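Data first, discussion second: the structure below is written as structure tokens.
Lettering follows sequence order; numbering is per chain, from 1. Since we're looking at a predicted model, the values are computed, not measured. The basis for the numbers below is simple: all heavy atoms, side chains too, and nothing from hydrogens, waters or symmetry mates.
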Amino acid sequence: MPASVPFREPAEGDSGPDLESLLAHVARGEQTAFEAVYDQVAGRVYGLARKVVRDPAQSEEVAQEVLLEVWRSACRFDPTRGSAMTWIMMIAHRRAVDRVRSATAETQREQKSAASSVTIEVDEVAETVEANLERERVRRCLGALTDMQREALTLAYYGGYSYREVGGLLNVALGTIKTRIRDGLIRMRDCMGVLS
Amino acid sequence: MLRHDLHTLTGVYALDAIAGSERERFERHLQHCPSCGNEVRGLQETATRLAGAVAMAPPERMKGAVLASVARTRQLPPPVIESHLRPLPSRSITWTRRIAIPAAAACLAVAIVLGVLLGISRQQLGTATAQQREIAAVLAAPDARLFREKTSMGGVATVVSAANLHKFIFTSTGLPALADAKVYELWIMGPGGKATRAGLLAAIAGGKTAPVLAEGLAAGDRVGVTVEPAGGTSKPTTTPIVVIQPS
């Protein structure tokens with residue numbers, strides 16, 4: 001690992017081997033292992049739900065559904081397909097997106113300007129400690145994207161919009177949106193030192 | 001052109017920004033495109049970082065609510081059968097063979113027990129009897145552990161023990177039905193050879209016996225089952241068909 005790469009840290013707080021082995025125990029029905037998983041991931045799951053769904057009560061419901069889903073399908077986690085944290089956050093994002101897409105999306109979400117805001121608001125609710133580090137890094141790397149990449153990427157992920165909706169919101173051709181999101185995400189990956 | 005088009009979907013796929021038939025088409029493409037798969041993985045890990053940046057402490061009450069749901073929710077069995085149905089990349093097959101089989105045994109064991117128990121608690125949710133609440137408490141105990149053993153008469157005995165509560169739950173599947181004059185009796189067998197009655201198994205229904213909750217389990221005790229005259233006896237008169245050491 002080259003010492004000159006400043007942002008690449010040896011151990012990522014979000015995807016250590018711990019969570020993988022905990023999930024193996026959860027798969028065997030061990031509730032104490034599940035509690036440890038909860039402690040590691042609940043803040044991320046809830047935070048993402050809040051970001052996408054926004055309404056606190058609905059976000060809490062989504063977060064609970066996600067965590068229960070982690071318990072139910074722990075046997076299905078396949079470590080060859082990615083980290084445990086990513087598996088969990090994929091479930092979380094999908095549930096959150098399902099919630100906003102199935103609901104009357106227009107009234108339940110704020111308008112484009114709010115959703116596309118790059119600033120990650122500091123909520124009145126206490127933030128978790130590790131989030132501050134992650135937040136700084138993500139902010140820095142988002143700042144390195146072009147405005148158009150950043151806008152498309154944050155609308156899709158934090159806004160929970162499909163790329164077709166993003167295309168409509170930004171009035172940009174779908175092919176361009178696909179490329180913009182992919183290019184932006186690849187730049188984020190490289191900036192944050194994610195090993196693929 | 002088409003292939004290139006599909007490849008540019010890695011980003012929107014990693015962000016869940018693609019739905020319906022388009023998503024399915026891309027997933028089929030992924031099965032035959034290792035480079036797409038690798039890229040998707042890296043981009044999904046990247047999305048996880050985006051999620052980490054908005055982490056927020058959940059309401060305090062959420063933990064208790066989730067743990068309570070977990071205690072009464074049956075887990076899914078692992079997807080071992082799917083590997084026979086469709087071809088997978090060689091790495092997945094290796095993984096399935098190495099890991100999924102022991103995982104399957106573990107998951108199914110829990111599912112069987114929880115399934116039996118859930119049958120009760122769901123039916124009468126809200127009006128649970130004292131015994132059902134006690135069963136739920138054993139399942140929810142932080143130190144709850146599950147043990148399975150084949151019996152000498154066929155079938156499998158399952159014990160979920162909660163050492164700190166000194167309680168356990170016993171269920172079985174596949175035990176043969178007994179003549180009317182006979183019954184399966186459950187025992188707590190102490191280290192000194194002393195056996196204490198722990199209940200009679202109810203008649204077999206659907207290949208299973210209803211869960212029996214017993215207390216008085218101490219460290220080092222074992223749980224055994226014998227075949228006894230109807231009504232049970234005060235101490236075992238036959239060789240146990242199964243003995244489980246729940247520790």
Side-chain angles (χ1 to χ4, degrees), chain A residues 14-15 27-29 31-32 34-35 38 42-44 46-48 50-51 60 63-64 67-68 71-76 78 80-83 85-86 89-90 92-94 97 120 123 125-128 130-131 134-135 138 156-158 161-163 166 178-179 181-182 185 188-189 192 194 196, chain B residues 5 8-12 14-19 38-39 41-59 62-63 65-67 69-71 73-79 91-92 95 99-100 103-104 106-107 109-111 113-114 139-146:
Chain A
D14 63 350
S15 56
R28 291 175 211 132
Q31 290 177 22
T32 42
F34 178 80
E35 195 172 342
Y38 180 98
R44 286 156 191 269
Y46 178 71
L48 184 60
R50 280 292 300 270
K51 189 72 187 170
E60 193 179 336
Q64 290 192 23
L67 291 157
L68 195 59
W71 162 258
R72 286 185 69 235
S73 42
C75 303
R76 311 285 173 100
D78 179 348
T80 65
R81 285 166 184 256
S83 71
M85 185 62 88
T86 290
M89 296 319 297
M90 280 167 57
H93 192 258
R94 206 159 292 174
V97 163
I120 297 161
D123 202 88
V125 184
E127 303 156 20
T128 62
E130 75 269 27
E134 195 102 9
R135 193 187 308 270
V138 167
Y157 193 68
Y158 292 136
Y161 292 100
S162 73
Y163 84 93
V166 174
K178 281 190 262 188
T179 315
I181 287 177
R182 174 169 175 251
L185 209 44
M188 288 296 288
R189 178 193 72 194
M192 293 193 294
V194 173
S196 54
Chain B
D5 247 23
T8 59
L9 286 171
T10 51
V12 295
L15 297 188
D16 276 326
I18 177 175
N38 284 334
E39 184 169 304
R41 276 180 53 173
L43 299 184
Q44 284 172 334
E45 297 288 338
T46 306
T48 299
R49 307 302 173 82
L50 291 174
V54 293
M56 183 187 288
M62 198 173 95
K63 184 169 179 177
V66 170
L67 295 182
S69 306
V70 156
T73 301
R74 176 183 169 134
Q75 289 177 298
L76 295 176
R91 188 168 56 177
S92 297
W95 178 84
I99 315 263
C107 292
V110 174
V113 170
L114 291 183
L139 284 177
D143 61 342
R145 293 182 65 187
L146 181 141

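Proximity of A/R50 to B/V54: side-chain heavy atoms (C-beta onward) are nowhere separated by under 4.5 Å. Residues B/R49 and A/R189 are not in side-chain contact: their nearest non-hydrogen atoms beyond the backbone lie 4.5 Å or more apart. The closest side-chain heavy-atom distance from B/L76 to A/S73 is below 4.5 Å.
Taking both residues in full, the closest heavy atoms of A/E60 and B/P59 are given as OE1-CG, 3.5 Å, listed atom of the first, atom of the second, then distance. Contact detail for B/G11 and A/I181: the closest heavy-atom pair is C-CG2, 3.8 Å. In terms of heavy-atom proximity, A/L185 sits nearest to B/A14 at CD2-CB, 4.1 Å. In terms of heavy-atom proximity, A/A42 sits nearest to B/P58 at CB-CG, 4.0 Å. Across all non-hydrogen atoms, the minimal contact from A/Y163 to B/V12 is CB-CG1, 3.5 Å.
Rounded to the nearest 0.5 angstrom, B/L15 CG and A/M90 CE are separated by 11.0 Å. Taken to the nearest 0.5 Å, the CE atom of A/M192 stands 9.0 Å off from the OG1 atom of B/T48.
Checking each of B/R41, B/E45, B/Q44 against A/T86 for a side chain to side chain donor-acceptor pair (under 3.5 Å) leaves exactly one that passes, namely B/E45.
Listed by chain and residue number, A/R101, A/R164, A/E165 satisfy the side chain to side chain contact (heavy atoms under 4.5 Å, CB included) test with A/S162 (two or more places apart in sequence, or in another chain). Residues forming a ring-ring contact (aromatic ring centres under 6.0 Å, His included) with A/Y157 (at least two apart in sequence, or on another chain): A/H93.
Per-residue counts of heavy-atom pairs under 4.5 Å with chain B were compared for A/R72, A/M89, A/M188; the largest is that of A/R72. Comparing B/V66, B/T10, B/I18 by how many heavy-atom pairs each has under 4.5 Å with chain A, the most go to B/V66.
When heavy atoms are compared at a cutoff of 4.5 Å, A/Y38 approaches chain B solely by way of its side chain, counted from C-beta outward. For chain A, the nearby parts of B/A51 are the backbone and the side chain; heavy atoms of each come within less than 4.5 Å.
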For this session: For B/E39 and A/R182, run side-chain contact (heavy atoms from CB on, under 4.5 Å): C-alpha distance rounded to whole Å, both residues' side-chain angles, the deciding distance at 0.1 Å, then the answer.
Result: CA-CA 10 Å; B/E39 184 169 304; A/R182 174 169 175 251; 2.5 Å; yes
Exercise. Could you go step by step and tell me if A/Q31 and B/L67 meet the side-chain contact (heavy atoms from CB on, under 4.5 Å) rule?
Worked result: CA-CA 8 Å; A/Q31 290 177 22; B/L67 295 182; over 6 Å; no
